[in-house]
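It should be emphasised that the depicted structure is a prediction, and the values quoted were computed from it without experimental measurement.
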Number of protein chains: 2
Amino acid sequence: MTKNDANRQLLRKSGYKATPSRLAILGVFKKAKKPLSAQEVINALPRSADQATVYRALKSLNEKGILRQIDLRHNHAHYELADLTEHHHLICLACGKIEIVHHCNMEETESRILRSSKHFAEIKQHALEFYGICKSCAARRKKL
Amino acid sequence: MTKNDANRQLLRKSGYKATPSRLAILGVFKKAKKPLSAQEVINALPRSADQATVYRALKSLNEKGILRQIDLRHNHAHYELADLTEHHHLICLACGKIEIVHHCNMEETESRILRSSKHFAEIKQHALEFYGICKSCAARRKKL
DNA sequence: ATTCTAAACGCGAATTATTTGCAAATAATT
DNA sequence: AATTATTTGCAAATAATTCGCGTTTAGAAT
């Protein structure tokens with residue numbers, strides 16, 4: 001299966017063993033349409049893996065930049081594949097709805113920041129999320 | 001005391017009672033040089049308050065926009081006063097060091113996003129944090 | 001193919017972070 | 001001073017994440 005071979009290589013290239021759980025976790029993210037929490041990954045796995053295994057995998061994959069961590073303000077971390085085209089999230093503070101946002105052009109900002117920073121040598125990632133109210137929540141609130 | 005009077009008004013204006021714990025919590029943030037976790041607030045309080053009280057206060061103050069929540073990737077929320085001049089954070093993935101970043105000009109981006117969004121009515125806040133490696137961690141790593 | 005070994009796993013328990021229910025206390029209003 | 005809706009403290013619950021450790025296993029070396 002070619003998809004698994006690609007993931008297998010990806011893991012090996014980062015110095016990890018290509019274990020069934022890690023391959024399965026990557027598979028779950030490949031299918032996902034939105035950032036997933038550890039619990040959602042656990043639930044979505046075809047053959048169950050221990051929660052410690054999943055947490056460890058998420059952490060490692062995030063450290064190597066295969067996944068990226070997203071803060072949706074839900075008191076727990078979410079992750080998504082890092083190789084998606086550059087985008088950010090618009091999150092409804094009332095209902096949690098997520099919309100994808102493109103074209104924020106952060107590379108330029110990052111290099112400018114780095115040039116003027118006293119203490120930092122490198123920027124590896126950034127998180128840019130917008131929190132607001134979605135239209136249906138806004139409508140619902142007007143009625144009250 | 002004039003400073004407390006200002007905070008007292010701020011709280012009342014948001015519909016809250018100006019209780020000693022909330023005034024003390026605002027006092028702690030006023031002195032702080034960096035975003036604080038709930039635990040750090042608890043430790044910094046002159047007269048101790050219960051953790052439930054502190055968590056409840058942080059949540060309310062964040063909802064009313066007096067505090068804002070920051071994600072430093074430490075598995076717990078941090079907060080800072082919302083009325084600081086617009087800035088963001090540069091966080092070292094290796095040691096946690098924080099540097100303040102100015103001039104990211106997000107208002108323009110926000111209004112553009114809102115104009116092109118299908119589902120969102122309003123943007124209330126954003127989080128923009130940069131994660132990288134600080135110079136001293138970079139140096140330490142080279143030696144290894 | 002078999003052996004070897006560091007890395008990864010599963011399990012259970014520990015930690016850490018945050019929330020909740022409820023009775024008592026209290027800030028603001030009258 | 002009396003009233004009342006908020007807020008507090010306490011203790012316990014829940015949620016999120018991590019850790020220790022004995023066992024298994026992927027990949028390298030024979």
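- Using a cut-off of 4.0 Å between Lys/Arg side-chain N and Asp/Glu carboxylate O, B:K34 and B:E40 are scored as salt-bridged.
- When only modelled atom types and interatomic distance are considered, B:Q51 and B:R56 share no side-chain donor-acceptor pair under 3.5 Å.
- For C:dA17, the OP1/OP2 oxygens have no side-chain nitrogen or oxygen of B:S37 closer than 4.0 Å.
- For C:dA8, neither phosphate oxygen OP1 nor OP2 lies less than 4.0 angstrom from any side-chain nitrogen or oxygen of A:T53.
- Here C:dT16 presents its C1' atom at 13 Å from NZ of A:K59, a figure rounded to the nearest Å.
- A sub-4.0 Å separation between OP1 or OP2 of D:dA28 and a side-chain N or O of A:R12 is present.
- Take the nearest nucleotide of DNA chain C for A:R56 and for B:A52: the residue whose nucleotide is more 5' is A:R56.
- For B:H78 and C:dT18, the NE2 to C1' distance is 15 Å, given to the nearest whole Å.
- Here C:dG10 presents its P atom at 12 Å from CZ of A:R47, a figure rounded to the nearest Å.
- Using modelled atom types, no side-chain atom of B:R8 and backbone atom of B:R12 make a donor-acceptor pair closer than 3.5 Å.
- A:A57 comes within 4.0 angstrom of nothing in the nucleic acid, heavy atoms only.
- Base engagement by A:Q51 is indicated by at least one non-hydrogen atom pair under 4.0 Å involving a base atom.
- The NZ-P distance, from B:K64 to D:dT7, rounds to 10 Å in whole Å.
- The side chain of B:P20 approaches C:dA27 more closely than any other nucleotide in the set C:dA27, C:dC11, C:dA8.
- Residue pairs meeting the side chain to side chain donor-acceptor pair (under 3.5 Å) criterion with at least one partner in residues 57-69 of chain B, sequence neighbours excluded, are B:R68-B:E80.
- As a whole-Å value, the separation of A:L23 CG from C:dC9 C1' is 14 Å.
- Within the 4.5 Å cutoff, the side chain of A:R22 has heavy atoms near those of the A:K17 side chain.
- Taking 4.0 angstrom as the limit, B:Y55 places a side-chain polar atom (N or O) nearer than this to OP1 or OP2 of C:dT18.
- Remark on DNA chain C: of its neighbouring residues B:H74 and B:A18, the 5'-side contact belongs to B:H74, judged by nearest-heavy-atom nucleotide.
- Between the base of D:dG27 and the side chain of A:R8 there is no donor-acceptor pair shorter than 3.5 Å.
- In this model, the phosphate group of C:dT26 is not approached by any side-chain N or O of B:K17 to a distance below 4.0 Å at OP1 or OP2.
- Side-chain atoms of A:Q9 and A:D5 include no donor-acceptor pair closer than 3.5 Å.
- Comparing atom distances between the A:N75 side chain and each of C:dT26, C:dA6, C:dT19 picks out C:dT19 as nearest.
- The side chain of B:R22 places an N or O atom within less than 4.0 Å of a non-bridging phosphate oxygen (OP1 or OP2) of D:dT7.
- To the nearest angstrom, C1' of C:dT26 lies 16 Å from CG of B:D50.
- Between A:T19 and the phosphate of D:dT25, there is no side-chain N or O to OP1/OP2 separation shorter than 4.0 Å.
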*For DNA chain C, the dot-bracket pattern of Watson-Crick and G-U pairs whose distances stay under 3.5 Å, | for other-strand partners*: ||||||||||||||||||||||||||||||

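- Look at CD on B:Q39: it is 15 Å from P on C:dT15, rounded to the nearest Å.
- With rounding to whole Å, A:L45 atom CG is found 11 Å from C:dC9 atom P.
- In terms of modelled atom types and a separation under 3.5 Å, the side chain of B:E129 and the main chain of B:H89 share a donor-acceptor contact.
- In this structure, a donor-acceptor pair under 3.5 Å is absent between the side chains of B:E86 and B:H102.
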